[in-house]
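So the structure is just underneath, and the comments pick up after that.
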Amino acid sequence: MKIPNHARKLFIYGSINPAVPAMFRKVAGLSGVLIYMYIRWKMHIPDYITEAKSDWVKLSNIGMKKIGYGMDPKTKSKALRKLIKAELIDCELIKDSGKSPQARLIVK
């Protein structure tokens, strides 16, 4: 069976412990699971200039929507606050800058 190219682009490397997405869902609902999956997927894509992989992932609305992880910005913001409070993710956000937050998983 041949895997389509669009499926290869969304493939998440490594195994996923089913308890981790369940924790994200319990804390922030489906938005939490989408954020977890997006961060987990983006962590394994090297930077196009340095070719280095990073733990920090930019959570831009356009980038997330482009591959099917889109959600309302307010919903994303609420979910991020809940996940930070539950200590499942770490987040860098410059208030009133208009820039996308950068997040990394604490629980992998």
Side-chain angles (χ1 to χ4, degrees):
M1 181 173 128
K2 186 175 179 183
I3 300 172
N5 285 339
H6 68 279
R8 287 177 197 236
K9 291 178 184 176
L10 297 175
F11 180 73
I12 296 175
Y13 301 95
S15 61
I16 294 177
N17 180 350
V20 177
M23 286 189 292
F24 277 73
R25 182 169 183 156
K26 184 175 182 182
V27 170
L30 182 58
S31 301
V33 175
L34 289 174
I35 289 170
Y36 168 75
M37 298 300 273
Y38 184 77
I39 293 172
R40 182 74 195 260
W41 173 68
K42 287 291 275 190
M43 279 175 35
H44 295 286
I45 297 175
D47 183 81
Y48 71 97
I49 294 172
T50 63
E51 296 184 7
K53 294 180 183 178
S54 175
D55 287 341
W56 291 95
V57 173
K58 184 177 178 182
L59 299 172
S60 72
N61 294 327
I62 295 169
M64 291 179 74
K65 188 173 185 174
K66 193 181 290 185
I67 62 162
Y69 287 90
M71 64 184 83
D72 185 73
K74 290 180 183 179
T75 304
K76 182 177 76 174
S77 180
K78 278 178 158 179
L80 287 173
R81 284 195 301 271
K82 289 177 182 179
L83 295 170
I84 291 166
K85 187 175 179 181
E87 298 180 352
L88 293 174
I89 65 168
D90 211 0
C91 195
E92 285 186 358
L93 175 63
I94 303 168
K95 288 195 174 211
D96 300 324
S97 68
K99 293 188 177 183
S100 301
Q102 290 192 358
R104 69 177 175 170
L105 299 174
I106 295 174
V107 177
K108 294 181 184 178

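Just so you know, residue 1 is the first one in the sequence shown, and it goes up from there.
Counting only heavy atoms from C-beta outward, the side chains of Lys76 and Leu34 never approach each other to under 4.5 Å. Within the 4.5 Å cutoff, the side chain of Leu59 has no heavy atoms near those of the Ser100 side chain. For the pair Val57/Gln102, no side-chain contact is recorded, criterion being any heavy-atom separation below 4.5 Å from C-beta on. Residues Leu83 and Ile89 meet the side-chain proximity criterion, which asks for heavy atoms closer than 4.5 Å.
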Indicate every side-chain donor-acceptor pair of residues 18-33 with a distance under 3.5 Å to a residue at least two apart or in another chain.
none

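When all heavy atoms are compared, the tightest approach of Met37 to Tyr69 is CB-CE2, 3.7 Å. Residues Tyr38 and Lys58 come closest through the heavy atom pair CE2-O, 3.7 Å.
Screening residues 78-87 for side chain to side chain donor-acceptor pair (under 3.5 Å) gives Ser77-Arg81 as the qualifying pairs, with residues at least two apart or on separate chains.
Scanning for salt bridge (Lys or Arg N to Asp or Glu O under 4.0 Å) contacts around Arg104 gives Asp90, with sequence neighbours left out.
Residues Ile67 and Ile35 fall within the same hydrophobic cluster, defined by Ile, Leu, Val, Met, Phe, Trp and Tyr side chains chained together at heavy-atom separations under 4.5 Å.
Without hydrogens or angle criteria, Lys99 side chain to Ser60 main chain gives no donor-acceptor distance under 3.5 Å.
Rounded to the nearest 0.5 Å, atoms CH2 (Trp41) and OH (Tyr36) are 15.0 Å apart.
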